Amino acid sequence: MNAHVQVDGVSVLSVPSIEGAAAHHPDVLDAARKRLGALREIRVEYEDGIAWSWMHPIGRPAVTATMIAETAIWVRELAVLAEAGDVRFAVLGSKFPGIYNLGGDLKLFAQLIRAGSLDRLVRYGLECVAWTSGLRRATDAGVVTVSLVQGTAMGGGFEASLYTDLLVAERQAKFALPEALFNLFPGMGAVSHLARRVGRRRAREMLLDGLDFDAGTLHAEGVVDILADEGRGQDAVREYARKYRRRHNALRSICGAMRETGPSDVELEAIVRLWAEAALRIGETDLRMMEKLVARQERLLGLATAA
């Protein structure tokens, strides 16, 4: 029986992992689809071997505890469907107008920093990167994972898009790593992924400048894999899927091999701890800058800022 568990005070669906031949049973596949349908902030639609998965955040479109937990479930259940050949591509996009994801929960970060809570900062970071092991299993099962960015991907939202096998972005999409503006750095994968893709010197510049990047520039630099015209991102994914339909075994194997060249769990966990320790060293001026960014985002989104 499925149950809901508490993740940092948030109730999320918890399901058992299913391995081996049992994953091919029709009842198991039906149960996997039902569990995906029970997610609160990710809605999944199926089309010719593609699982279109749309983030529908409740409140601020950020990397919340609910989104972290549901993304992990999303990966696990899609792996079950892939083992049966039902899904070959899993696409994670957003239906929030103009926004892919605004990144980490800066309001929570500020609270934890003021409280001096190193353990909780580390736990948040580790939960963010833990689902990468699920991505490895999904790739092994036959899923090619895709980030479809059609709006703004900021901070942790940008970092999350770098974990999938392919990053597809429409020309109007914007990417940002604003952490340096409040004297910090993105600690959930950007350092590792960017250093590998653009080199250490360019990665350092990108991490320190706090600037926005357009999709075209990142495509030219090898960060974005596929650049699509505005409104044509889904078509670009469909075209890619059709192009490699007869070579899917080669594609999934290449994606799996490339994933092995990426950051290890040990590397990611070490960087999370460096990030958490750095967070506790920032001063009150930096914290106020962090909170101003949250307030500005909430005003733009029309969300009520909590007292």
Side-chain angles (χ1 to χ4, degrees), residues 1-5 7 10-56 63 65-95 126-148 160-161 163-166 168 234 237-238 240-242 244-260 262 265:
M1 180 178 294
N2 304 330
H4 283 78
V5 297
V7 178
V10 179
S11 177
V12 297
L13 185 69
S14 175
V15 296
S17 178
I18 300 172
E19 303 287 351
H24 297 271
H25 193 281
D27 290 344
V28 171
L29 300 180
D30 184 57
R33 285 180 178 259
K34 286 181 178 178
R35 285 191 287 265
L36 286 169
L39 298 179
R40 299 172 180 178
E41 298 199 10
I42 300 176
R43 299 178 186 175
V44 184
E45 304 164 353
Y46 304 94
E47 174 197 321
D48 194 22
I50 302 173
W52 300 103
S53 309
W54 306 105
M55 291 181 280
H56 277 262
V63 185
T66 300
M67 185 61 68
I68 292 168
E70 291 202 347
T71 304
I73 295 169
W74 172 75
V75 169
R76 184 168 65 238
E77 298 309 316
L78 286 173
V80 173
L81 297 177
E83 287 169 0
D86 277 14
V87 170
R88 291 189 166 196
F89 289 83
V91 183
L92 187 61
S94 171
K95 286 297 188 182
L126 293 180
E127 287 171 350
C128 286
V129 302
W131 70 291
T132 61
S133 59
L135 284 173
R136 288 189 177 91
R137 182 195 165 203
T139 302
D140 291 343
V143 176
V144 175
T145 55
V146 182
S147 296
L148 175 56
S161 73
Y163 278 102
T164 54
D165 297 314
L166 294 172
V168 179
Q234 285 187 264
V237 174
R238 292 185 183 105
Y240 191 90
R242 285 194 298 269
Y244 293 109
R245 182 185 299 275
R246 294 185 180 276
R247 300 181 186 176
H248 188 77
N249 182 62
L251 176 61
R252 62 176 278 196
S253 301
I254 290 167
C255 289
M258 287 187 170
R259 191 171 292 283
E260 293 303 316
D265 292 343

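What you see is a predicted model; the values in this text were computed from it and never measured.
- Between the CG atom in L166 and the CG atom in L148 there is a gap of 11.0 Å [rounded to 0.5 Å].
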| Should V28 and E83 be marked as a side-chain contact (heavy atoms from CB on, under 4.5 Å) after you check the CA-CA gap, both sets of side-chain angles, and the distance that decides it? | CA-CA 11 Å; V28 171; E83 287 169 0; over 6 Å; no
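- Here the CG-CE distance, from L39 to M55, works out to 13.0 Å after rounding to the nearest 0.5 Å.
- Judged by distance alone, with hydrogens and angles left aside, the side-chain atoms of H248 form a donor-acceptor pair with the main-chain N or O of G142 at under 3.5 Å.
- Remark: C255 SG to D140 CG distance equals 11.5 Å, nearest 0.5 Å.
- Rounded to the nearest 0.5 angstrom, R76 CZ and S133 OG are separated by 10.0 Å.
- For residues 43-55, the pairs satisfying side-chain hydrogen bond (donor to acceptor under 3.5 Å, both in side chains) are R43-H56, E45-W54, E47-W52, E47-R238, D48-R245, S53-W74, with sequence neighbours left out.
- L81 has its side chain within reach of L36: a pair of non-hydrogen atoms, C-beta onward, lies under 4.5 Å apart.
- Using a 4.5 Å heavy-atom threshold, the side chains of Y240 and L251 count as touching.
- With a 4.5 Å cut-off on side-chain heavy atoms, T164 and L92 do not count as touching.
- At least one side-chain heavy atom of R259 sits under 4.5 Å from a side-chain heavy atom of T145.
- By the 4.0 Å N-to-carboxylate-O rule, K34 lies too far from E77 to be salt-bridged with it.
- How far CH2 of W131 is from CE of M67: 10.5 Å, rounded to the nearest 0.5 Å.
- The side-chain heavy atoms of R137 and V80, taken from C-beta on, include a pair separated by under 4.5 Å.
- From E127, atom CD reaches atom OG1 of T71 across 12.0 Å, with rounding to the nearest 0.5 Å.
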